[in-house]
Structures are given as structure tokens and as C-alpha cells.
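The structure under discussion appears below in the form of C-alpha cells.
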Amino acid sequence: MASLWHVSFIVLVLLGGSDGNPVAPHQNQLDVNHKKPLQTFRPYNIAHRGSNGEIPEETAAAYSRAIEEGADFIETDILASKDGHLICFHDVTLDATTDIADRAEFAGRRRTYEVERANVTGWFVVDFTLSELKSLRVKQRYIFRDQQYNWKYKIITFDEFIMIALYADRVVGIYPEMKNPIFINEHVKWSGGNKFEDKFVETLMKYGYKGEYMSEDWLKQPLFIQCYAPTSLIYISNMTKSPKLLLIDDTTVRTQDANQSYYDITSDDYLKFIRKYVNGIGPWKDTVVPPENNYLGPPTDLVARAHALNLQVHPYTFRNENSFLHFNFHQDPYAEYEYWLSKIGVNGLFTDFTGSLHKYQDWTAPHQMKAKNAEALLYQISYMLKDDGY
């Protein structure tokens, strides 16, 4: 763990300044021309909330650990504080992973709000300023995971998250989610009529994230933008060309922004429509291969249909513990990776255990294939055909 603490210390020093405005990086410190490039010859290893199987989620330490373990992308969920700062946090409430319940000064802040058509009670992120959120400490979400890091780390901002990726010793991509945009826009207001989505893209552009998938700009600072709300992805499509993925829940669930189910979202007609705005989909893995009595059922044709439209598929979430593994895999997470990467043929995986996926891929696909830029070439051909009206 020595290198983890070294990276975390460097990040802490570099961020300096105020909580919301880290020190701007010097160009020579971010020179990607002297960094090992992002691998693009095998499916992406996406560190879901950092290496949160080991360290509390969405913390600087979890992201530093994921980079150390070989993540291609570090993934985060973006919410907004009461005073409009963007932070990295998964839930709209603070209850499950912070010490908020033990903070007497915040006892009167519990509220009940409607979130995605259901009443939810708790301490909501949107009712706290960034300074107040920074005073909290976080813990491991699951009791069966390592508890030794509980209460050691703070909530970080979107800016701080980006800096962790930019200051890595190799090119590391970021994979931020616009989390609950409908709810955030109802409760947080910005000057000039700006919306959550505007602030999200503004932050990315401030740090130089731009360019279509596999473009020179993208390869220097790789980025995927993800969201469950298709209207938010469509809204930002005129603001940035960076690749976007539509997240897909259980097919019975309704989207948060429209009167549609994810069954509707996965229809051929809708996929043909949304491909104008996104580069792929991020489905819940049980939507792709529905289980029965914890055994895998027959795979759906969702991956094949998405690939036929040149859409990437990055399913979620892969976890090592037996409680998350279907019986078919006999308590072996490597067997699960083998199934999804070799049989189903997806383009990336969201995992809580970055190190496990990295080791598996190094064992099974250690070297770049001869067709080094085959995927990039296919995308260039697809863009040429699109430009010609096909």
C-alpha cells in the first residue's frame, strides 16, 4: 500500500487551495506525450466508484488504489451541494456511507423528498454546503468488506476527482455519471439559468476534455459521460462531442425523466434513435442475461443489437463476493469475467475489484493484437458512412 499513500499524498498537496477550486495544474506536469497511453486493444477495466471493494467508495484513496491496480477508467457519480459545487457521491442521501447520523449539529436537517416517484427520507446532499459536506467522514458501504478505512476519508469534489486522473503517471480515463439530474435541478439553482448538466460539462471543458471517441484529443484525456436520463444526454450533445453512454436499469423500471420503461429504451427503434447522441449503453448485467433462482438464463440479444448499431456495451456491476455471483460461476469471479468477455463479448466492465479484472486480463489478453487500431478504424469508417448519408 506504500504507493497508494504516495499517490494520495501527492494529490493532497497538488489540490491545495479551497475545497471547491483546486490549484490549476501546470502544463508540463500533465504532458501526456511522456505517459504510457490508454490501452485500447481489449475491453475497458472501469473502476466502479474507485477500487471500492477494498476502500470506501468515491474517495481519493479508492481512486488512487484503482489507478495503482491498473484501471483504464475511474468511474464516479456526480451530485451537487446546496451551494452549487459538484461532488463525487453515489446516493442522494448521506445516510448509508457517512457519519451524518452522529453529527448532532445536523440532526434537524432530515427531510423527505420525492426521488424518482418515491418518497425518500434522510439527510440529502442538496441540503448541505460544500464546506459542511467536507466536514463529514465516509465509510465502507458493505459490512462484509474491509472496515479498517472507515472514517478516514472525506467526500471529494468533481475537480479533485479529475485532478487524480490527470496527475496519474499514465493516461487514465474518467467515467463520470450525471446522477439524478431531474432531482438535482429541482433543488439546486445556479446563476444565469444554468442547469446541472451545464455545470457538469463546463467542469469537463475547464480541464480540456473534448473530442470524439478515439480522436487524438480523446486519447490524450479519455472520457465517457454516463447517465440514466436520456434527455440529459441529448441536452449536452450540442455542448460536447465527448462519447456518452446511456445507462439501462431493469427493464421493468421507468426512466427518471420520461414516461418510458427501460424495456422501451432497449427496443430497436429507440436504440436507432439514441445512437445519434450516444456511443454506447451501460446495462445492468441481469438485463443482458436475466437470471432465475440465481442461475443464468439464456442471454438476450441486447448486446448483438447494440453492436449492430456500432454501440459499445459496458455492463455493471462486477463484484468478487459470492453473494453477487450467480451459481454458474462456482464462487469464482474469474469465471464470470470469462463468460462476459469471451461469450457475451462486451466492450468494458464496471467492477468494484479493479485489481482482479486487471490480473485476469493480463493472463488472458496480455499483448496487443496485430490489428492495433482495428476498433479505431471501424469507428472512422462508420463516421465516414454516416457523413455520406448511410
Side-chain angles (χ1 to χ4, degrees), residues 39-48 53 69-73 75 175 213 224 226 243 245-252 262-263 265-268 271 275 278-372 374-379 382:
Q39 73 78 21
T40 57
F41 69 94
R42 65 188 185 193
Y44 295 126
N45 182 337
I46 306 161
H48 182 244
E69 292 181 327
D72 298 316
F73 289 83
E75 187 267 354
Y175 210 130
Y213 182 64
F224 284 106
Q226 54 173 328
L245 266 84
L246 175 61
L247 296 173
I248 295 173
D249 206 333
D250 184 274
T251 55
T252 62
Y262 286 101
Y263 178 81
I265 292 294
T266 56
S267 68
D268 284 338
L271 290 177
R275 68 180 289 215
V278 304
N279 294 71
I281 56 174
W284 180 39
K285 61 183 181 180
D286 284 1
T287 295
V288 179
V289 186
E292 184 174 351
N293 298 322
N294 205 33
Y295 283 95
L296 294 176
T300 67
D301 62 354
L302 178 58
V303 173
R305 290 190 292 112
H307 284 168
L309 295 171
N310 284 330
L311 292 171
Q312 292 200 35
V313 182
H314 300 172
Y316 65 91
T317 302
F318 292 81
R319 299 177 167 113
N320 284 8
E321 293 95 350
N322 188 44
S323 56
F324 296 114
L325 292 169
H326 297 307
F327 291 146
N328 310 66
F329 302 123
H330 311 293
Q331 303 187 39
D332 183 357
Y334 292 137
E336 185 179 37
Y337 292 144
E338 175 70 18
Y339 175 82
W340 282 91
L341 295 174
S342 298
K343 183 172 182 178
I344 302 301
V346 297
N347 309 99
L349 299 176
F350 290 87
T351 177
D352 285 3
F353 292 89
T354 308
S356 295
L357 178 53
H358 184 71
K359 288 177 181 177
Y360 171 80
Q361 289 186 295
D362 270 358
W363 291 333
T364 58
H367 302 296
Q368 189 163 337
M369 296 176 294
K370 291 182 180 179
K372 178 178 179 181
E375 187 176 13
L377 179 61
L378 287 173
Y379 271 86
S382 70

| request: Would you name the heavy atoms of Gly282 and Leu245 that are closest together and state the gap between them? | output: N-CD2, 4.1 Å
| said: Can a donor-acceptor pair be found, under 3.5 Å and without considering hydrogens, that links the side chain of Thr351 to the backbone of Phe318? | reply: yes
| task | State whether the side chain of Arg305 and the backbone N or O of Thr266 hold a donor-acceptor pair below 3.5 Å, judged by distance alone. | result | yes
| field | Exam field: side chain Lys285 to backbone Thr317, donor-acceptor pair closer than 3.5 Å | value | yes
| query | With a cut-off of 6.0 Å (strictly less than), are more than 12 heavy atoms of other residues, nucleotides or ligands near OH of Tyr263? | reply | no
| Excluding sequence neighbours, so at least two apart, what forms ring pair (Phe, Tyr, Trp, His ring centres under 6.0 Å) with Tyr337? | Tyr360
| Would you say the ring centroid of Tyr334 lies under 6.0 angstrom from that of Trp363? | yes
| Ignoring hydrogens and geometry, is there a side-chain-to-backbone donor-acceptor pair from Ser342 to Tyr339 under 3.5 Å? | no
| remark: Heavy-atom closest pair (Leu311 atom, Gly280 atom, distance to 0.1 Å) is CD2-N, 3.7 Å
| Counting N and O atoms only, with roles assigned by atom type, does the side chain of Tyr316 sit under 3.5 Å from a partner on the main chain of Ile248, one being a donor and the other an acceptor? | yes
| ring pair (Phe, Tyr, Trp, His ring centres under 6.0 Å) involving His314 - partner list, sequence neighbours excluded | Tyr175, Phe224
| How would you list, by chain and number, every residue that makes a side-chain hydrogen bond (donor to acceptor under 3.5 Å, both in side chains) with Thr354, sequence neighbours excluded? | none
| Main-chain N/O of Ala365 paired with Arg42 side-chain donor or acceptor, under 3.5 Å | yes
| said: What's the separation between atom OG1 in Thr251 and atom CG in Leu302, rounded to the nearest 0.5 Å? | reply: 10.0 Å
| Do Val346 and Leu341 have side-chain heavy atoms sitting under 4.5 Å apart? | yes
| said: Quick check against the 3.5 Å criterion: does Asn45 have a side-chain atom that pairs as donor or acceptor with the backbone of Asp72? | reply: no
| Going by atom types alone, do Tyr213 and Gln312 pair a side-chain donor with an acceptor below 3.5 Å? | yes
| Would you say Asn293's side chain and Tyr295's backbone share a donor-acceptor pair under 3.5 angstrom? | no
| request: Find the distance between OH (Tyr44) and CD (Gln361) and round it off to the nearest 0.5 Å. | output: 11.5 Å
